[in-house]
Amino acid sequence: MVQPYAGAAGGSVDGDSFIRGMDSVLASVNAGVIRTADLELENSYYDTPDLALYRAGIALRVRKTGSETEGTIKTRRMSSGGIHVHPEYNVPLSEKPEVPDLGMFPEHIFAEIDVDAVQKQLYENMAQNCRRHIWLVSFSDAEIELSFDRVAYKTSAGGTVAGTELELELKKGGVTALQEFAEALTSAVYEGRIARFRPESLSKMHRAAIYAGISELKLPSEDEISWKVTENGVCGAEKGLADLMSTAGRLASIIYLGSEGRNEETARKALDMIWHCFRGLTDVQ
């Protein structure tokens with residue numbers, strides 16, 4: 001998530017200024033810009049009234065970009081250290097359908113569901129649109145695509161919630177190069193006082209579902225916010241700290257959803273839990 005640098009005027013990021021700043025930053029970290037592009041994306045998501053796809057870990061989307069339309073399915077993902085890995089299946093479409101045909105995707109995706117029953121009940125249950133600026137860059141032995149999105153999420157009340165997000169996607173090469181690039185990029189952005197980055201564990205689809213009133217973020221359990229010194233020495237302590245930081249990140253996501261995505265009582269509880277997470281660390285020698 002891209003947020004204003006501390007002390008900057010205004011409560012939101014100026015997208016054009018951020019893009020200009022990123023152009024300078026990419027040169028400073030020795031990233032070669034292969035190409036750039038500006039796109040307008042219309043994203044529609046589909047499911048059944050009882051969320052059969054969502055419960056099976058499947059996200060079904062149709063994206064319209066200018067004259068091009070594409071159907072996409074994303075399945076359950078693995079997430080660690082801000083890097084998300086998940087299978088993705090894309091099918092070009094001649095036009096946007098009323099509902100996508102599940103038959104155009106590989107059968108094994110739907111092993112857990114009754115495809116015929118789901119197909120009959122499909123409808124568009126949420127949407128978000130965004131203006132995207134893309135940089136495709138070379139860095140070390142990798143090619144990485146940066147997507148800066150100015151997103152408008154539709155809410156259940158008929159309004160919209162704005163967000164500014166930067167996503168790094170590994171196109172070629174190894175994960176190590178992606179991590180090194182992300183660290184260099186973040187340092188340069190902070191040194192240039194261009195913006196602040198907040199790692200976000202929620203996908204665009206999940207945030208769209210929350211704002212549409214389809215899903216909600218649950219607060220972690222007490223066990224998840226308790227710091228425990230394990231018997232596994234340094235390695236165990238590092239894992240415990242990583243788990244605690246991950247939980248704190250989930251709590252921050254709840255707070256940053258704003259009033260359209262959670263109530264004030266939930267936000268207060270999340271703040272209390274974050275305080276509890278870090279208060280426990282002061283007891284560790």
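The analysis underlying the following values was restricted to heavy atoms, covering all of them including side chains, and did not include hydrogens, waters or symmetry mates. Numbers here simply count residues along the sequence, with the first being 1.
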Gap between atom [atom2] of [Y] and atom [atom1] of [X] - 0.5 Å precision:
X: Leu271; Y: Leu251; atom1: CG; atom2: CG; result: 9.0 Å
X: Leu122; Y: Thr48; atom1: CG; atom2: OG1; result: 7.5 Å
X: Ile144; Y: Leu168; atom1: CD1; atom2: CG; result: 6.5 Å
X: Asn263; Y: Leu257; atom1: CG; atom2: CG; result: 11.5 Å
X: Cys130; Y: Asn43; atom1: SG; atom2: CG; result: 6.0 Å
X: Thr266; Y: Arg268; atom1: OG1; atom2: CZ; result: 9.0 Å

Does a side-chain N-to-carboxylate-O contact under 4.0 Å join [X] and [Y]?
X: Lys64; Y: Glu68; answer: no
X: Lys204; Y: Glu165; answer: yes
X: Asp47; Y: Arg55; answer: no
X: Arg63; Y: Glu70; answer: no
X: Glu264; Y: Arg262; answer: yes
X: Arg198; Y: Glu200; answer: yes
X: Glu216; Y: Lys218; answer: no
X: Lys154; Y: Glu260; answer: no

Quick one: are [X] and [Y] in side-chain contact, heavy atoms under 4.5 Å?
X: Thr75; Y: Ile109; result: yes
X: Asn125; Y: Leu51; result: yes
X: Phe110; Y: Ile58; result: yes
X: Thr72; Y: Val62; result: no
X: Val151; Y: Asn129; result: no

Checklist entry - Is there any side-chain hydrogen bond (donor to acceptor under 3.5 Å, both in side chains) pair reaching into residues 26-39, and which pairs are they, with sequence neighbours excluded? => result Asp38-His133
Item to check | Reference residue Leu146; test side chain to side chain contact (heavy atoms under 4.5 Å, CB included); the match among Leu26, Ile134, Leu136 | outcome: Leu26
Item to check | Passing candidate, side chain to side chain contact (heavy atoms under 4.5 Å, CB included) with Leu166, options Asp149, Leu185, Val189 | outcome: Leu185
Keeping the roles fixed (side chain from [X], backbone from [Y]), state whether a donor-acceptor pair exists under 3.5 Å.
X: Gln119; Y: Pro100; value: yes
X: Arg132; Y: Leu41; value: no
X: Thr69; Y: Thr65; value: no
X: Thr164; Y: Val2; value: yes

Next on the checklist: Could you go through Glu191 and Arg193, starting from their C-alpha distance and side-chain angles, then the distance that decides it, and tell me whether this counts as salt bridge (Lys or Arg N to Asp or Glu O under 4.0 Å)?
Outcome noted: CA-CA 5 Å; Glu191 288 172 6; Arg193 302 174 67 89; over 6 Å; no
Checklist entry - Can Arg150 and Asp14 be said to form a salt bridge (Lys or Arg N to Asp or Glu O under 4.0 Å), step by step? => result CA-CA 10 Å; Arg150 286 167 273 188; Asp14 180 86; over 6 Å; no
Of the non-hydrogen atoms in [X] and [Y], which two are nearest, and what is the gap between them?
X: Val91; Y: Met104; result: CG2-O, 3.7 Å
X: Ala56; Y: Ile113; result: CB-CG2, 3.7 Å
X: Ala267; Y: Ile255; result: O-CG1, 4.2 Å
X: Ile210; Y: Gly261; result: CG2-O, 3.6 Å
X: Val29; Y: Ala184; result: CG1-O, 3.7 Å
X: Pro220; Y: Met273; result: O-CE, 3.3 Å

Next on the checklist: Quick check on the hydrophobic clustering: are Phe197 and Leu178 connected, directly or via other members, by side-chain heavy-atom contacts under 4.5 Å?
Outcome noted: yes
Between [X] and [Y], does any side-chain donor sit less than 3.5 Å from a side-chain acceptor?
X: Arg196; Y: Tyr190; value: no
X: Arg20; Y: Ser17; value: yes
X: Ser215; Y: Tyr54; value: yes

Quick check: [Y] with [X] (ring centres under 6.0 Å apart)?
X: Phe181; Y: Phe139; answer: yes
X: Tyr45; Y: His206; answer: no
X: Tyr46; Y: Tyr123; answer: no

Checklist entry - When the ring planes of Phe18 and Trp135 are compared, do they come out parallel, tilted or perpendicular, using 30° and 60° as the limits? => result perpendicular
